[in-house]
Amino acid sequence: MNILLVYPEIPETFWSFKHALTFINKKASTPPLGLVTIAAMLPKEWVLRLIDKNVEPLKDKDILWADFVLVSAMVIQRSSSRSVINKCHQLGKTIVAGGPLFTSEPAEFDDVEHLILNEAEITLPEFLKDLAEGHPQHIYKTDEFADIRKTPAPLMNLLSFKYYDSMSIQFSRGCPFNCDFCNITSMLGHIPRVKTVKQIITELDNLYRLGWRRNVFFVDDNFIGNKKILKEEILPALIEWRRGKIGFNFITETSINIADDDELIDLMVKAGFISIFVGIETPDEASLVDCNKKQNQNRDLLECVHHLQESGIQIMAGFIVGFDQDSPSIFQKQIDFIQESGILTAMVGMLQAMEGTTLYNRLQNENRIISMSSGDNVDGSTNIVPVMGMNRLRAGYFGILSTIFDPKMFYQRIQTFLTYYHPVKQPVSINLDEVGALFKAIFRIGIFRKERKEFWKLFFRTLFRDPAKFPLAITFSIYGYHFAKMTERMIPSTKQRRLSVKDWLNEVQPGTITVPSQKTTYYK
């Protein structure tokens with residue numbers, strides 16, 4: 001059989017880094033790890049092709065070549081998934097779909113011939129067996145969790161490496177915590193399930209053999225969910241594997257309690273981890289209690305961030321406004337924390353309720369769910385009725401964005417980060433794309449952007465005072481370019497972008513507002 005695997009397009013977001021990726025001639029941050037893993041579970045005699053719509057178009061001839069079209073998607077890819085499905089059906093093709101989008105919203109895709117829900121290690125073999133016997137069913141689902149020690153290595157050879165900034169790998173699934181807005185535990189459970197050292201090294205060896213030398217993103221929901229295995233087995237193996245190799249810096253997601261374990265931090269840095277994403281969410285203790293974010297409670301979050309930076313780890317972080325306990329003062333609190341922390345990739349979103357979460361169930365009982373979640377936690381939308389009122393929440397949210405991504409504030413934050421950050425020396429590999437990025441930054445930012453004054457100050461200060469951090473300074477200037485572009489798209493008016501949080505709140509008038517990203521009118 002000819003099988004076409006399709007990954008729908010992810011819309012332009014803060015997280016897409018679309019405008020930053022153009023500096024290094026890349027089209028997407030990471031590849032569709034789920035699809036290349038699924039590919040490894042299919043019969044060996046099947047002929048496979050993969051189309052990632054984020055890096056190349058889906059053509060009619062690709063669809064017509066296939067016997068089946070396999071689609072995997074996240075919630076944020078809802079619109080593109082619908083377009084792919086409609087196009088395939090118009091050409092008379094059968095769709096097999098799975099992934100978080102279809103698992104959380106199967107009723108919305110009743111026209112899809114075969115839905116392979118939950119974890120494919122369990123449900124896909126059932127479908128393949130029924131297909132071979134001539135009676136495939138419409139839906140395959142399970143309440144069980146897969147043993148990922150049996151998950152095959154992804155077929156990375158299906159990917160065109162030239163399009164991506166990082167490759168992806170997975171060590172564990174699940175998270176031991178229970179934040180009420182997060183749907184990870186409802187999908188993947190509270191007990192982290194892990195792969196073996198042999199699996200991880202095999203996947204890394206495959207990437208190395210195929211010629212990959214850039215960053216690798218461990219896409220775990222919480223990389224440190226099982227600290228014992230991590231410290232005793234995985235990290236020592238990674239340290240040994242990277243010995244003598246250039247490239248292969250690692251990025252991942254962890255909870256903030258990593259700051260409590262210096263042994264773990266030291267091992268991760270030695271293993272090549274340079275950056276982690278952390279869910280800070282809010283500096284307000286009452287809101288942390290409200291969302292059951294226990295791992296963040298009763299601690300100095302700012303001190304934790306600085307400790308990690310001083311240890312050689314860059315911090316990306318998520319922030320949320322719109323919790324029931326939030327007062328109008330939260331907007332300035334968020335700004336102050338972000339600026340003082342030196343967190344440059346500060347992804348601030350309005351609270352959304354995902355189906356299957358504790359938050360969703362509670363708000364549904366309170367008749368406060370007004371639509372499906374967009375799946376994009378930084379698009380300026382929410383699907384709930386906030387306690388503080390929609391107008392005030394949205395105004396405060398725009399106030400945060402217009403402040404933290406204002407060039408003066410952003411470049412101040414770069415300097416704060418560089419002051420705290422003490423990178424560990426690593427073998428350096430510089431390619432032509434990165435050299436080109438420097439000249440593009442000089443041209444695009446240093447000449448034509450309004451932040452050119454701040455850019456040149458940072459450029460020369462870092463070059464002469466701290467040259468080891470110069471590449472990072474340029475990289476973060478490029479990030480700032482992307483964030484500014486996204487802010488300009490979300491807040492079209494130049495005058496509005498210059499408003500402070502106080503100005504935004506003063507301009508709020510009771511009544512209705514229109515949320516541009518959803519074309520929906522909300523009421524206070």
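Across all non-hydrogen atoms, the minimal contact from Pro57 to Ile51 is O-CG2, 3.7 Å. Closest non-hydrogen pair, Thr357 versus Asp180, comes out as CB-O, 3.4 Å. The minimum heavy-atom distance between Ser168 and Met156, with the atom names listed, is O-CE, 3.2 Å. Across every non-hydrogen atom of Thr123 and Leu117, the tightest pair is OG1-O, 2.9 Å. Pairing each heavy atom of His482 with each of Ser16, the nearest pair is CE1-OG, 4.1 Å. Scanning all heavy atoms of the two residues, the minimum distance from Leu301 to Asn296 falls at CD2-O, 3.9 Å.
For residues 347-361, no pair satisfies salt bridge (charged side-chain N to carboxylate O under 4.0 Å, His left out), with sequence neighbours left out. Here ring pair (Phe, Tyr, Trp, His ring centres under 6.0 Å) pairs that include residues 75-131, with residues two or more places apart or in two chains, are Phe102-Phe109, His114-Phe127, Phe127-Tyr140. Legend: salt bridge (charged side-chain N to carboxylate O under 4.0 Å, His left out) pairs involving residues 89-99, not counting sequence neighbours: none detected. Sorted by first then second residue, the salt bridge (charged side-chain N to carboxylate O under 4.0 Å, His left out) pairs that include residues 188-201, not counting sequence neighbours, are Glu119-Arg193, Lys195-Glu203. Residue pairs meeting the side-chain hydrogen bond (donor to acceptor under 3.5 Å, both in side chains) criterion with at least one member in residues 148-161, sequence neighbours excluded, are Glu121-Thr151, Asp147-Arg149.
For the side chain to side chain contact (heavy atoms under 4.5 Å, CB included) test, residues two or more places apart in sequence or in another chain that qualify with Glu233 are Val197, Ile229. Partners of Asp143 under the side chain to side chain donor-acceptor pair (under 3.5 Å) rule, at least two apart in sequence or in another chain, do not exist in this structure. Residues meeting the side chain to side chain contact (heavy atoms under 4.5 Å, CB included) test with Glu45, sequence neighbours left out: Pro43. Checked against ring pair (Phe, Tyr, Trp, His ring centres under 6.0 Å), His307 has no partners two or more places apart in sequence or in another chain. Residues meeting the side chain to side chain contact (heavy atoms under 4.5 Å, CB included) test with Arg49, sequence neighbours left out: Leu4, Asp62, Trp65. Taking the side chain to side chain donor-acceptor pair (under 3.5 Å) definition, one finds that Asp165 meets it with Arg214, sequence neighbours left out. By the side chain to side chain contact (heavy atoms under 4.5 Å, CB included) test, His422 pairs with Glu310, sequence neighbours left out.
By the neighbour-count criterion of 12 heavy atoms within 6.0 Å, atom CG of Leu91 is densely surrounded, having more than that number from other residues, nucleotides or ligands. Other residues, nucleotides and ligands contribute at most 12 non-hydrogen atoms within 6.0 Å of the NZ atom of Lys18. When the shell of 6.0 Å around CD of Glu56 is examined, it contains more than 12 heavy atoms from other residues, nucleotides or ligands. Residue-environment remark: OH (Tyr163) exceeds the threshold of 12 foreign heavy atoms within 6.0 Å. When the shell of 6.0 Å around NZ of Lys87 is examined, it contains more than 12 heavy atoms from other residues, nucleotides or ligands. When the shell of 6.0 Å around CD of Gln297 is examined, it contains more than 12 heavy atoms from other residues, nucleotides or ligands.
The shortest side-chain heavy-atom distance between Met1 and Phe68 falls under the 4.5 Å cut-off. Residues Cys179 and Leu359 have side chains not in contact (no heavy-atom distance under 4.5 Å, counting atoms from C-beta outward). Proximity of Leu33 to Ile169: side-chain heavy atoms (C-beta onward) are nowhere separated by under 4.5 Å. Counting heavy atoms from C-beta on, the side chains of Ile315 and Gln309 come closer than 4.5 Å. Residues Gln325 and Thr282 have side chains not in contact (no heavy-atom distance under 4.5 Å, counting atoms from C-beta outward). Contact check for Tyr164 versus Asp52: side-chain heavy atoms found under the 4.5 Å cut-off. Residues Thr13 and Asp379 are not in side-chain contact: their nearest non-hydrogen atoms beyond the backbone lie 4.5 Å or more apart. The shortest side-chain heavy-atom distance between Met486 and Glu12 falls under the 4.5 Å cut-off.
Between Phe161 and Trp212, the angle of the ring planes goes over 60°, which puts this pair in the perpendicular group of the 30/60° scheme. Note on ring orientation: taking the six-membered ring where Trp is involved, the planes of Phe417 and Tyr421 are parallel (angle under 30°, cut-offs 30° and 60°).
Seen from the ring of Tyr208, Lys245 counts as a face-on cation partner, given the 6.0 Å and 45° thresholds.
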Dump the intermediate steps for side-chain contact (heavy atoms from CB on, under 4.5 Å) on Gln314 and Leu472, then the final yes or no. CA-CA 10 Å; Gln314 302 166 37; Leu472 271 178; 3.6 Å; yes
Go through Phe277 and Trp15 one step at a time and tell me if the ring-ring contact (aromatic ring centres under 6.0 Å, His included) criterion holds. CA-CA 12 Å; Phe277 174 83; Trp15 275 119; 5.4 Å; yes
Go through it in stages, so that I can follow the logic: the residues are Arg242 and Asn249, the test is side-chain hydrogen bond (donor to acceptor under 3.5 Å, both in side chains), and I'd like the CA-CA distance, side-chain angles, deciding distance and then a yes or no. CA-CA 9 Å; Arg242 287 186 77 252; Asn249 289 321; 3.3 Å; yes
Take Phe273 and Val424, measure what side-chain contact (heavy atoms from CB on, under 4.5 Å) needs, and give me the verdict at the end. CA-CA 10 Å; Phe273 284 86; Val424 175; over 6 Å; no
Could you check Lys162 against Asp433 for salt bridge (Lys or Arg N to Asp or Glu O under 4.0 Å), going step by step and ending with a plain yes or no? CA-CA 11 Å; Lys162 63 182 179 181; Asp433 284 338; over 6 Å; no
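Using modelled atom types, one side-chain atom of Ser186 and one backbone atom of Asn183 make a donor-acceptor pair closer than 3.5 Å. Under a 3.5 Å cut-off, the side chain of His19 and the backbone N or O of Phe483 do not form any donor-acceptor pair.
For the ring-ring contact (aromatic ring centres under 6.0 Å, His included) test with Phe218, the passing option among Phe223, Phe171, Phe248 is Phe223; the others fail. Test Asp262, Asp261, Asp266 against Lys231 for salt bridge (Lys or Arg N to Asp or Glu O under 4.0 Å) and you get one pass: Asp261.
Salt bridge Glu105/Arg78: present, at least one basic N to carboxylate O contact under 4.0 Å. Ionic pairing of Lys129 and Glu126 is not present here: no N-O contact between side-chain nitrogen and carboxylate oxygen is shorter than 4.0 angstrom.
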